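Remarks on the structure that follows.
Along the sequence shown, residues are numbered consecutively beginning with 1. Just so you know, these numbers use all the heavy atoms, side chains as well, and skip hydrogens, waters and symmetry mates. Worth saying up front: this structure is predicted, and the values here are computed from it rather than measured.
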Amino acid sequence: MRQKILAGERLTPEEGLYLLTRTELTALGFLANKVRFRFNPKPEVTYVMDTNPNYTNICRIRCRFCAFYRSAQDPDAYTLTVEEVVQKAMHAAEAGTTTMLLQGGVNPDLPLEYYVELVRRLRNEAPQVLPHFFSPPEITGIAERTGLSIREVLQRLKEAGQVTLPGGGAEVLSDRVRAQLSPDKGPASKWLEVMRQAHCLGFKTTATMMYGHLEKDEDIIEHLERIRSLQDETNGFTAFIPWSFKPANTYLEKQGFTSRSGPVRYLRLIALSRIYLDNFPHIQASWFSEGKHTGQVALHFGADDFGGTLLEENVHKSAGFINISHQAEVEELIHESGFTPVQRTTLYERINA
């Protein structure tokens, strides 16, 4: 299999499972690093100046892994006005931010025009900040509330100025897992269909995976196989971003569940994804969700991107996980890892080196 990987040949699901479960970690990292430099030959690591606020924490889906959602009756439930979100964007722009990743709960009381106006106003009033808005479950929720198709909702957002979509809400794209983890979110095909329609309309999107909860190794391979197959069809994904489940304050924790992940598992998944996703241009390491040192090591296990500076973040914070940084530190972490830091946009356009 080593020669097959080095030759750039596609792996089967069975071979992917072998790599995940039976290949020695450093050997896996070595192979992934070879593949990384085939995709991105320069000794550079990109990062983005971004912020990740939330416009509402009211959500009807109530996933069992989530510590962030609230019902409308909860005393700490909130929905920001469009003006409040725009002010956050203006503040972020002053700090040099180029991307706002905006997500929230699936709030049944918000009309389509709320979302459209958010995009339109951000494009008009903070044009230097790209609206990287609304995960597939949010898009599906809007469609269900309005009676519009997913494509029609996306078209309205595109007309307002949106060109990218974040990959949240994927968790693990296995119906077995989703039925236990987020039964009201629907099967994997719903997430994939939003991404398919977005790509067909010209959107670029990320793909994500949240692991370390109820999945088996076979479910990980199913997830990678599903997004690789869609990328074959549409070529709309820019990057793959895995991160580990944080159990604090969640339903799963109350049922006695503790996280099954750690740095070794993360590095193994980063390396596997770089090898298996042979049609994805970028693999993102996460200093934020996995810790700064683990993020640095991941840059030698196949990752070529270091994520964002995250001016604001609330979802992990609600699960008791807080990790902060800033541009100078992110660049220093990349330098310490032996790479040249390069600031990028959401679409992986280089800003400077």
Side-chain angles (χ1 to χ4, degrees), residues 1-41 45 167 170-178 187-189 191-192 195-196 199 204-244 260-286 290 294 297-305 348:
M1 195 188 313
R2 173 190 171 100
Q3 292 306 314
K4 186 175 184 179
I5 292 169
L6 293 176
E9 298 177 20
R10 173 160 287 192
L11 298 186
T12 65
E14 293 75 19
E15 290 168 330
L17 185 61
Y18 182 93
L19 284 180
L20 177 60
T21 59
R22 300 180 62 182
T23 305
E24 195 269 330
L25 180 65
T26 56
L28 185 61
F30 171 82
L31 291 170
N33 207 39
K34 289 289 187 182
V35 176
R36 175 258 197 257
F37 279 101
R38 186 163 70 235
F39 276 87
N40 300 282
V45 168
E171 287 76 67
V172 174
L173 294 172
S174 158
D175 288 345
R176 184 194 69 81
V177 175
R178 295 172 77 83
S189 58
W191 187 94
L192 292 162
M195 290 304 192
R196 177 179 289 107
H199 296 167
K204 290 295 185 180
T205 79
T206 55
T208 67
M209 178 176 67
M210 185 194 70
Y211 67 93
H213 36 79
L214 305 176
E215 85 282 351
K216 299 178 180 179
D217 291 329
E218 290 81 2
D219 299 312
I220 295 289
I221 300 303
E222 181 179 358
H223 182 105
L224 296 179
E225 179 66 20
R226 283 177 179 271
I227 60 174
R228 188 175 73 173
S229 295
L230 183 57
Q231 182 76 331
D232 280 342
E233 179 185 337
T234 64
N235 195 34
F237 290 119
T238 58
F240 176 64
I241 312 163
W243 65 80
S244 59
R260 298 188 292 108
S261 60
V264 171
R265 180 67 166 177
Y266 178 70
L267 294 174
R268 185 171 288 278
L269 290 174
I270 284 283
L272 172 67
S273 62
R274 179 59 290 170
I275 295 168
Y276 199 85
L277 298 177
D278 57 13
N279 50 11
F280 273 64
H282 303 287
I283 303 294
Q284 185 180 122
S286 178
E290 310 308 317
T294 300
V297 177
L299 298 178
H300 296 275
F301 274 69
D304 64 284
D305 185 80
Y348 281 82

For Ile283 and Arg36, run side-chain contact (heavy atoms from CB on, under 4.5 Å): C-alpha distance rounded to whole Å, both residues' side-chain angles, the deciding distance at 0.1 Å, then the answer. CA-CA 8 Å; Ile283 303 294; Arg36 175 258 197 257; over 6 Å; no
Name the orientation class of the two ring planes belonging to Phe280 and Phe240 (parallel below 30°, tilted from 30 to 60°, perpendicular beyond 60°).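 Perpendicular: the ring planes of Phe280 and Phe240 meet at over 60°.
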Identify the two heavy atoms, one from [X] and one from [Y], that lie closest to each other, and give their separation to 0.1 Å.
X: His223; Y: Glu171; answer: CE1-O, 3.4 Å
X: Glu215; Y: Ile220; answer: CG-CD1, 3.9 Å
X: Val172; Y: Arg178; answer: O-CG, 3.4 Å
X: Leu11; Y: Lys4; answer: CD2-CD, 4.1 Å
X: Asn279; Y: Gln231; answer: O-NE2, 3.0 Å

With rounding to the nearest 0.5 angstrom, report the CG to CD1 distance, Leu277 to Ile227.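 Leu277 atom CG to Ile227 atom CD1 measures 4.5 Å (nearest 0.5 Å).
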Can you tell me how far OG1 of Thr23 sits from CD1 of Ile5, rounded to the nearest 0.5 angstrom?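 One gets 7.0 Å once the value is rounded to the nearest 0.5 Å.
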Side chains of Gln284 and Ser286: donor-acceptor distance under 3.5 Å anywhere?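 Absent: no donor and acceptor within the cut-off.
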I'd like to know if the side chain of His282 pairs up with that of Asp304 as donor and acceptor (distance under 3.5 Å, no hydrogens or angles considered).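 Side-chain D/A pair, His282 to Asp304: present.
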Mark yes or no for whether [X], through its side chain, and [Y], through its backbone, hold a donor-acceptor pair below 3.5 Å.
X: Arg226; Y: Leu192; answer: no
X: Glu290; Y: Pro263; answer: no
X: Thr205; Y: Gly167; answer: no

Taking side chain to side chain contact (heavy atoms under 4.5 Å, CB included) as the definition, give me every residue that meets it alongside Ala32, ordered by chain and number, with sequence neighbours left out.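 Partners of Ala32 by the side chain to side chain contact (heavy atoms under 4.5 Å, CB included) criterion, ordered by chain and then number, come out as Ala271, Arg274, Ile275.
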Check the surroundings of atom NZ in Lys204: do more than 12 heavy atoms from other residues, nucleotides or ligands lie under 6.0 Å from it?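 Yes.
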For Arg265, salt bridge (Lys or Arg N to Asp or Glu O under 4.0 Å) partners two or more places apart: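 Listed in chain order: Asp217.
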Would you check, one step at a time, whether the test side-chain contact (heavy atoms from CB on, under 4.5 Å) holds for Asn33 with Phe37? CA-CA 6 Å; Asn33 207 39; Phe37 279 101; 3.8 Å; yes
Dump the intermediate steps for side-chain contact (heavy atoms from CB on, under 4.5 Å) on Glu15 and Leu19, then the final yes or no. CA-CA 6 Å; Glu15 290 168 330; Leu19 284 180; 5.9 Å; no
With side chain to side chain donor-acceptor pair (under 3.5 Å) as the criterion, how do Tyr276 and Glu225 come out once you've worked through the C-alpha distance, each side chain's angles and the decisive distance to 0.1 Å? CA-CA 8 Å; Tyr276 199 85; Glu225 179 66 20; 2.5 Å; yes
